[in-house]
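See below for the structure under consideration.
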Amino acid sequence: MKMIVSIINRDDLGRLTDALMRHGYRATTIGTTGGFLRQGNATLLVGTEDEKVDDALEVIHSNCRTRTEYVYPPPAFVGLEENMPSPVEVQVGGAVIFVLNIDRMERY
Ligand code: 2BA
């Protein structure tokens, strides 16, 4: 069994969750915040059998869009001498995905 951990844009959450349910997957959503942009994103947990992982990834892939955002770099990235930092272009998502091995799952 695997746990698919997907970090996605909040705007894609409803569509992706609907699509996962339609394809027979169970999912849990956590509201999260990106360390770099410090903006809200969403993390989706999908536990599924090994042989279904590729199909689940395809559902995620086809429901998450890559976005270009212009942001002021976080303070940690700006030199002290720079008073007015310029916005930088950042490509965010569609989805950042980790697939983890699960030793055991129980549901009582
Ligand atoms: P954030 O950390 O807010 O990052 C948003 C986007 O900013 C990233 O998009 C990337 O394009 C850029 N970025 C992040 N760190 C950067 C850095 N040190 N220098 C320059 N640009 C940087 P994605 O790579 O698509 O990541 C989207 C979100 O996925 C991230 O939001 C974070 O919440 C999560 N994420 C990405 N990689 C991760 C990792 N290795 N571990 C945990 N979470 C991760």
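We use all heavy atoms of the structure for the numbers below, so side chains are in, but hydrogens, waters and symmetry mates are not. Both ligands and their constituent atoms are indexed starting at 1 by order of listing.
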Which residue owns the protein heavy atom closest to [atom], what's the atom, and how far is it?
atom	value
atom 18 (N) of ligand 1	Phe77 CZ, 3.4 Å
atom 20 (C) of ligand 1	Phe36 CZ, 3.7 Å
atom 39 (C) of ligand 1	Phe98 CZ, 3.6 Å
atom 25 (O) of ligand 1	Gly93 N, 2.7 Å
atom 11 (O) of ligand 1	Gln91 O, 2.6 Å

For [X], take its heavy atoms, then give the atoms of ligand 1 lying under 4.0 Å from any of them.
X	value
Val92	9 (O), 25 (O)
Leu37	1 (P), 3 (O), 5 (C)
Gly34	1 (P), 2 (O), 3 (O), 31 (O), 33 (O)

Take Arg15 and Arg65, measure what side-chain contact (heavy atoms from CB on, under 4.5 Å) needs, and give me the verdict at the end. CA-CA 11 Å; Arg15 187 178 55 247; Arg65 294 197 199 96; 3.6 Å; yes
Among Val71, Val90, Val96, which one puts a heavy atom closest to atom 12 (C) of ligand 1?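 When every heavy atom of Val71, Val90, Val96 is considered, Val90 comes closest to atom 12 (C) of ligand 1.
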Before giving the answer on side-chain contact (heavy atoms from CB on, under 4.5 Å), spell out for Thr17 and Met21 the whole-Å C-alpha distance, their side-chain angles and the decisive distance to 0.1 Å. CA-CA 6 Å; Thr17 308; Met21 299 294 121; 4.3 Å; yes
Measuring from Met1:CE to Asp103:CG, what's the distance to the nearest 0.5 Å? 12.0 Å
Thr29 OG1 to Leu13 CG distance, which is reported to the nearest 0.5 Å: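 Between atom OG1 of Thr29 and atom CG of Leu13 there are 4.5 Å.
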Among Thr32, Asp11, Thr33, Asp12, side chain to side chain donor-acceptor pair (under 3.5 Å) partner for Asn41: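 It is Thr32, the one option of Thr32, Asp11, Thr33, Asp12 that forms the side chain to side chain donor-acceptor pair (under 3.5 Å) with Asn41.
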For ligand 1, find out whether one of its N or O atoms is nearer than 3.5 Å to an N or O atom of Ile7. no
Taking distance alone, with no angle check, do Asn41 and ligand 1 share an N/O pair under 3.5 Å?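 Yes; the residue has a nitrogen or oxygen that sits under 3.5 Å from a nitrogen or oxygen of the ligand.
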Output yes when a side-chain donor or acceptor of Thr66 lies under 3.5 Å from a complementary backbone atom of Gly94, and no otherwise.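 Looks like yes, one N/O pair under 3.5 Å.
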Backbone of Ala19 reached by a side-chain donor or acceptor of His23 within 3.5 Å: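 Checking the backbone N and O of Ala19 against the side chain of His23, a donor-acceptor pair under 3.5 Å is found.
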Atom NZ of Lys2: over 12 foreign heavy atoms under 6.0 Å: yes
Hey, is Thr32 touching ligand 1 through its side chain, its backbone, both or neither, going by heavy atoms under 4.0 Å?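 The answer is neither.
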